[in-house]
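Single-structure report; data block below.
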Amino acid sequence: MLTTRFVNGAPNWIDLGTPEIDGAVSFYKGLFGWEFQSAGPDAGGYGFFQLDGRTVAGGMQTTPEQGPPSWTVYFQSEDAQATAKAAEQAHGSVLAQPMDVMGQGHLAILADQAGVPFGIWQPALNKGVDVAGDPGSLCWVELYTPDIAAAAAYYHKVLGLETSGVPFPGGTYTCVNPAGGDDASMFGGMVPLAEDPAEAQAGAYWLPYFEVEDPDAVVEKAQQTGGRVRMPATTLEGVGRMAKLADPYGARFAVIKGEPQQT
């Protein structure tokens with residue numbers, strides 16, 4: 001599962017682009033108890049969502065020209081320039097060239113072979129989020145893609161990611177882990193768009209999951225505060241109880257109360 005023991009290829013950051021940062025701050029505070037802390041006058045309005053003083057995500061107000069409201073998942077790279085080059089060679093694209101972020105690290109925004117945006121974070125002073133896997137924080141990421149095999153090949157070339165099939169109710173789920181990792185290092189999965197008509201209509205993207213204590217209560221709160229339920233709270237045997245949501249501005253995410261892991 002996702003932890004803050006970051007390794008190359010694993011998610012180490014996530015941030016929100018939204019047309020109304022104040023409204024988004026209010027919404028996510030209601031759901032997860034997050035507070036918002038500005039990154040300072042030189043950060044262009046960027047700031048940090050925090051839970052009990054620990055950073056769980058970033059966020060900023062964006063314009064339509066910067067893309068639709070969305071969560072962006074970032075993966076750790078030891079060399080952002082090399083990763084960006086590998087993305088292009090693997091028939092992806094570089095949406096934002098690698099850049100230094102005030103000495104905190106190097107950032108790049110890439111897109112995979114299906115056009116799905118994702119980020120790269122090469123750590124320096126900022127290693128990544130302070131907490132993962134705990135209630136109110138990122139715990140899993142899922143790629144909805146039109147071609148599992150092509151996506152697996154792309155992310156293996158660019159990030160070294162490895163995939164494996166796991167028996168799942170109704171079929172097989174494609175799990176993702178960093179190079180050389182084991183089952184305990186799995187941090188996400190890949191899902192064919194064709195298996196979910198609602199997702200197919202929305203298009204390919206990375207979906208972040210946040211751990212919560214009570215998915216049903218989160219769904220109810222989201223509805224009360226302007227969010228949209230994309231999949232109601234559902235129990236999946238061996239996995240947990242989950243729901244897919246969108247915030248009031250359209251950014252998509254999911255929540256889950258995972259079942260205790262077998263030891």
Side-chain angles (χ1 to χ4, degrees), residues 1-2 7-12 14 67-68 70-77 83-95 108-120 138-210 230-231 234 236-240 242-246 251-256 258-259 261:
M1 297 296 288
L2 193 61
V7 296
N8 288 328
N12 63 350
I14 184 170
S70 62
W71 282 99
T72 299
V73 179
Y74 293 75
F75 299 86
Q76 180 163 302
S77 168
T83 301
K85 183 177 181 180
E88 292 182 311
Q89 292 174 338
H91 306 294
S93 56
V94 179
L95 305 179
I109 303 296
L110 311 178
D112 68 19
Q113 83 298 338
V116 177
F118 65 99
I120 291 298
L138 185 69
C139 65
W140 191 256
V141 297
E142 206 164 57
L143 176 67
Y144 286 82
T145 178
D147 190 330
I148 291 285
Y154 174 87
Y155 286 98
H156 180 71
K157 291 176 182 175
V158 176
L159 296 172
L161 302 186
E162 299 172 347
T163 56
S164 58
V166 176
F168 204 70
T172 300
Y173 184 78
T174 301
C175 285
V176 183
N177 60 265
D182 55 17
D183 288 355
S185 68
M186 289 178 182
F187 62 75
M190 296 182 179
V191 181
L193 278 175
E195 290 187 2
D196 191 324
E199 297 293 5
Q201 186 176 14
Y205 75 114
W206 278 100
L207 175 69
Y209 281 73
F210 298 101
R230 303 176 57 246
M231 184 189 82
T234 303
L236 196 59
E237 186 177 354
V239 177
M242 66 187 73
K244 294 179 184 178
L245 305 167
R252 297 170 287 181
F253 64 101
V255 296
I256 185 170
E259 289 191 0
Q261 297 298 303

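In this chain, residues are counted from 1 in sequence order.
Between A86 and V158 the shortest heavy-atom distance is O-CG2, 3.8 Å. When all heavy atoms of G180 and E162 are compared, the closest pair comes out as N-OE2, 3.1 Å. In terms of heavy atoms, R230 sits closest to L245 at CD-O, 3.4 Å. What you find for P178 and L161 is that their closest heavy atoms are CA-CD2, 4.1 Å. Taking every heavy atom of both residues into account, V191 and Y173 meet most closely at CG2-CE1, 3.8 Å. In plain terms, the two heavy atoms of A84 and V94 that are nearest each other are O-CG2, 3.6 Å.
Residue W71 forms a ring pair (Phe, Tyr, Trp, His ring centres under 6.0 Å) with just one option from W206, Y209, F118, F210, and that option is F210. Applying the side-chain contact (heavy atoms from CB on, under 4.5 Å) test between L143 and each of L207, D112, T174 identifies D112 as the sole match.
With contacts defined as side-chain heavy-atom distances shorter than 4.5 Å, the pair V239/F168 qualifies. Between V116 and T145, the closest side-chain pair of non-hydrogen atoms is not below 4.5 Å. The shortest distance between side-chain heavy atoms of L159 and N8 does not fall below 4.5 Å. L2 places a side-chain heavy atom less than 4.5 Å from the side chain of P11.
The distance from the CZ atom of F253 to the OG atom of S70 is 13.0 Å, given to the nearest 0.5 Å. Remark: M190 CE to Y144 OH distance equals 13.0 Å, nearest 0.5 Å. Considering CD1 of I14 and CG of L138, their distance stands at 4.5 Å, rounded to 0.5 Å. With rounding to the nearest 0.5 Å, the separation of CG in L110 from OG1 in T83 is 7.5 Å. Within the model, atoms CD1 of I120 and CZ of F75 stand 7.5 Å from one another, a figure rounded to the nearest 0.5 Å. The OH atom of Y155 lies 6.5 Å from the CD atom of Q113; values are rounded to the nearest 0.5 Å.
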Exercise. Please step through side-chain contact (heavy atoms from CB on, under 4.5 Å) for the pair I256 and C139, ending with a clear verdict.
Key: CA-CA 9 Å; I256 185 170; C139 65; 3.5 Å; yes
